[in-house]
Number of protein chains: 2
Amino acid sequence: MGEDGVPLSTANSLTADELGSTAQRERRKRILDATIALASEGGFDAVQMRAVAEQADVALGTLYRYFPSKIHLLVSALGREFEKADAGMRGKPIPGDTAAERVINILKLLSRGLQGDPHLTEALTRAFMFADSSAATEIHRVGMSMTSMLSHAIHPDMAEGAELSEDDVAITKVIGDVWLSALVGWVTGRSSAADTANQIEVAVKLLLRD
Amino acid sequence: MGEDGVPLSTANSLTADELGSTAQRERRKRILDATIALASEGGFDAVQMRAVAEQADVALGTLYRYFPSKIHLLVSALGREFEKADAGMRGKPIPGDTAAERVINILKLLSRGLQGDPHLTEALTRAFMFADSSAATEIHRVGMSMTSMLSHAIHPDMAEGAELSEDDVAITKVIGDVWLSALVGWVTGRSSAADTANQIEVAVKLLLRD
DNA sequence: GCGCGAAGTGGAACGCGTTCCTATTATGGA
DNA sequence: TCCATAATAGGAACGCGTTCCACTTCGCGC
């Protein structure tokens, strides 16, 4: 469905660009800000649609016009945060002599950012895990940010639009998978932050041993 | 929490063994059967607590007495299915000359079993992803089955209670993670069954190249 | 057999995601 | 400027997970 980035016409969130008026872009921003704020305070359960609407100063119906479900809303918020993180990393060199070290460092940075706000992380991860194909567009954007950050770590001096080798793509995917699983383990209280970090480190070392 | 297998006293599902009377064990079985049946027909959404109660011929309150939430219910059902699969594999030799081949084969078997019943898989995976620490006991059992099956594939001639090397444990965990992520991707409609199979195969080959 | 506490029944009620409807307000073209 | 149309407000209503409660039945020591 939608093969390569081009979304089908299924119920999508209104993206920032296709919003005509300034007022609308601001509404959208207010909604996402409210979402992040509530998630940050109380996690997934605290992001209640009525509460988001009220805090963003929009009607419930309007909220649903912008984001067709709580999941879309949270995944979109996650996307915005990831893009922020990705943008923040671009430019700055990543510390580490080998690809493995750099990948571990970047994931640590990300994790620290996330674990510094456990409730937010819980909310966003839960949403990501629960999303179905109707949120494919939003999820794809998150995946792109992730890939971008990891490629950047593996080949720091690569040009912006350049592509990874097939093997590197495969490795990137696996690392992303492990990271996601580890995050789920942490979010669901199955493993500690230290376990999580370790789990990722072990996986990266197994995969990037050259 | 509950470090190694010994559960804390948090809200647990009533396990099969600690159920005194035969009538109770049968009630529990009826409930899990109803759960699997409903999940198999219509997936996560079709497993409605009222419907489960009715089909299992049990009052709603009783259902909640046995399983404190829909998540506990589904994860317990998943646990039963995994243990069934694990038990079914024991004894039978796994085809494949190398550890990698055997692991891939066993995962294919599992996936085929699961993908043969997409709705059921969707329901169980969703539940697993959404479970929090209060379902730690049930989740732990699923993890044990998974580990058992994978160890069996890596070292087919190993004694029952024997333990894997540290490296093998790490590899097992990573494979489990990838499998879970791939499954989530498939369940949420982000990737096809073929993609999923391929994703796992690539990961296993990356990890078990000796 | 009797009584008592635990377990089960049946159903009302509550919370939150979601849908829907009507009234009001912005917006942009003739 | 005025009007048609879309967008928003405000809020009622519905579905399903979950909780609660009054009542009945079961199991077991006396």
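In what follows, every heavy atom counts, from backbone to side chain, and hydrogens, waters and symmetry copies are set aside. Chain identifiers are assigned alphabetically (A, B, ...) following the order of the sequence lines, protein sequences preceding nucleic acid strands; residue numbering begins at 1 within each chain.
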B/Val184 vs A/Val184 side-chain heavy atoms within contact, under 4.5 Å: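 In short, these two side chains do not touch, never coming nearer than 4.5 Å.
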
In whole angstrom, what separates [X]'s [atom1] from [N]'s [atom2]?
| X | N | atom1 | atom2 | answer |
| --- | --- | --- | --- | --- |
| A/Arg65 | D/dT5 | CZ | C1' | 12 Å |
| B/Ile71 | D/dC16 | CD1 | P | 16 Å |
| B/Tyr64 | D/dC21 | OH | C1' | 16 Å |
| B/Gln24 | C/dA6 | CD | C1' | 10 Å |
| A/Arg28 | D/dA7 | CZ | P | 16 Å |
| B/His72 | D/dT18 | NE2 | P | 10 Å |
| A/Phe44 | C/dC16 | CZ | P | 13 Å |
| B/Met49 | D/dC16 | CE | C1' | 11 Å |

Using a cut-off of 4.0 Å on non-hydrogen atoms, how would the nucleic acid contact of A/Val52 be classed: base, sugar-phosphate, or nothing? nothing

Within 6.0 Å of [atom1] in [X], more than 12 heavy atoms from elsewhere:
| X | atom1 | answer |
| --- | --- | --- |
| A/Met144 | CE | no |
| A/Lys70 | NZ | yes |
| B/Met49 | CE | yes |

Minimum-distance nucleotide (side-chain atoms of A/Gln48 versus C/dC16, D/dT18, C/dT19):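 My answer, after comparing the listed nucleotides, is C/dC16.
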
Taking the basic N atoms (NZ, or NE/NH1/NH2) and the acidic carboxylate oxygens, is any pair closer than 4.0 Å for A/Lys29 and A/Glu26?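 Salt bridge flag = no for A/Glu26 with A/Lys29.
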
Ion pair B/Asp177/B/Lys173, N-O distance below 4.0 Å: no

Paired with A/Ile154, the side chain to side chain contact (heavy atoms under 4.5 Å, CB included) test is passed by just one of A/Ile94, A/Ile106, A/Val103, namely A/Val103

Only one of B/Val202, B/Leu206, B/Leu207, B/Leu208 passes side chain to side chain contact (heavy atoms under 4.5 Å, CB included) with B/Val204, and that residue is B/Leu208

Phosphate oxygens OP1/OP2 of C/dG8: is one of them under 4.0 Å from a side-chain N or O of B/Tyr66?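 Answer is yes, contact under 4.0 Å.
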
Protein N or O to nucleotides 24-26 of chain C N or O, pairs below 3.5 Å:
none

Using a cut-off of 4.0 Å between protein heavy atoms and nucleotide atoms, how would you tag nucleotides 9-14 of chain D 5' to 3' with B, S and -? BB--B-

When the ring planes of A/Phe130 and B/Phe44 are compared, do they come out parallel, tilted or perpendicular, using 30° and 60° as the limits? perpendicular

Identify, between B/Asp45 and B/Ala23, the residue whose nearest nucleotide on DNA chain D lies closer to the 5' end. B/Asp45

